[in-house]
Amino acid sequence: MNFNHEKLDVYQVSLEYTKETFNVMEKMPSGYSYLKDQLKRASL
C-alpha cells in the first residue's frame, strides 16, 4: 500500500536523516549512551 505522504520531499529527507543519525550512533563510544538515546528520540 502506497500513501501520498511517501512522495513528499520532506518525508524522504526525514528518512535519510534518521538513517544517518543511526549510523552516527553506531560509531559513538559506549560512554555516550545518554547522547545516543537523545539522538534516537529526536530523530524518530
Side-chain angles (χ1 to χ4, degrees):
M1 181 178 259
N2 195 6
F3 297 104
N4 289 333
H5 72 276
E6 293 176 346
K7 296 177 184 176
L8 296 174
D9 289 338
V10 69
Y11 180 77
Q12 296 300 320
V13 170
S14 68
L15 289 178
E16 189 62 33
Y17 172 76
T18 302
K19 288 179 193 175
E20 288 300 319
T21 301
F22 276 77
N23 288 337
V24 168
M25 288 185 335
E26 288 177 356
K27 297 176 185 175
M28 293 177 77
S30 61
Y32 292 95
S33 61
Y34 65 94
L35 184 56
K36 288 181 185 180
D37 182 52
Q38 188 173 7
L39 282 170
K40 183 178 180 180
R41 287 183 285 122
S43 70
L44 295 176

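Just so it is clear, the structure is predicted and the values come from calculations on it, not from any experiment. Keep in mind that the numbers below use all heavy atoms, side chains included, and drop hydrogens, waters and symmetry copies.
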Could you pull out every donor-acceptor pair under 3.5 Å between side chains of residues 27-34 and any protein atom, sequence neighbours left out?
none

Set of side-chain contact (heavy atoms from CB on, under 4.5 Å) partners for E16, sequence neighbours left out
K19, E20
With Y17 via ring pair (Phe, Tyr, Trp, His ring centres under 6.0 Å) - residues at least two apart:
none
Could you pull out the closest heavy-atom pair between L39 and T21, with the gap in Å?
O-CG2, 3.9 Å
Fellow cluster residues of V13, listed by chain then number, with links counted only when side-chain atoms sit under 4.5 Å apart:
none
Under the side-chain hydrogen bond (donor to acceptor under 3.5 Å, both in side chains) definition, can you give me all pairs with a residue in residues 35-44, not counting sequence neighbours?
D37-R41
For Y11, what are the other residues in its hydrophobic cluster, where any two members join if their side-chain heavy atoms are less than 4.5 angstrom apart?
L8, V10, L15
Nearest heavy-atom pair of E6 and Q12: which atoms, and what distance?
O-NE2, 2.5 Å
Near N23 CG, under 6.0 Å, is it more than 12 heavy atoms from other residues, nucleotides or ligands?
yes
